[in-house]
Amino acid sequence: MTGTLLITGTLSIFAAESLPFINGNYIDGNSSMGFLGSFFLSVSSRTAGFYTYDLGYARNTTMLIVMLLMLVGGSPG
């Protein structure tokens, strides 16, 4: 289950944040999140809560994914 959450979370965050940058939808080109940033956000959302990416610039889709990962990470069982 851990592997599934890591892979699904990483790919979902990467698709939500980085693919719109490839299509040119960002105003600020520095807003792009790389694959390792997506992986770190996916892992830290379920465990420690550290962030290397300013979530103020995150898309609503990314915030929903992070909230779902936090919900799963906070479950006791």
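Values in this document were obtained by computation on a predicted structure and should not be read as measured data.
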Locate the shortest heavy-atom distance separating [X] from [Y]; write the atom from each residue and the value.
| X | Y | result |
| --- | --- | --- |
| Phe50 | Phe40 | O-CE2, 3.8 Å |
| Val43 | Thr47 | O-OG1, 3.0 Å |
| Arg46 | Leu5 | NH1-CD1, 3.6 Å |

I need the [X] [atom1] to [Y] [atom2] distance, nearest 0.5 Å.
| X | Y | atom1 | atom2 | answer |
| --- | --- | --- | --- | --- |
| Thr61 | Met63 | OG1 | CE | 11.0 Å |
| Ser12 | Leu68 | OG | CG | 9.5 Å |
| Ile65 | Met70 | CD1 | CE | 12.5 Å |

(message) Starting from Leu55, can I reach Leu64 by hopping between I/L/V/M/F/W/Y residues whose side chains sit under 4.5 Å apart?
(response)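 Unlinked, Leu64 and Leu55 end up in two clusters.
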
(request) Spell out, yes or no, whether Leu36 and Ile7 are grouped together once hydrophobic residues are joined by side-chain heavy atoms under 4.5 Å, including indirect joins. (result)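 Different hydrophobic clusters.
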
(message) Any heavy-atom pair between the side chains of Phe39 and Leu11 that's under 4.5 Å?
(response) no

(message) For the backbone of Arg59 and the side chain of Glu17, can you confirm whether one donor and one acceptor N or O come within less than 3.5 Å of each other?
(response)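 Answer holds: yes.
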
(request) Measure from the side-chain N and O atoms of Ser42 to the backbone N and O of Ser38, and report whether any donor-acceptor pair falls under 3.5 Å. (result)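 Flag not set: sc Ser42 to bb Ser38 has no pair under 3.5 Å.
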
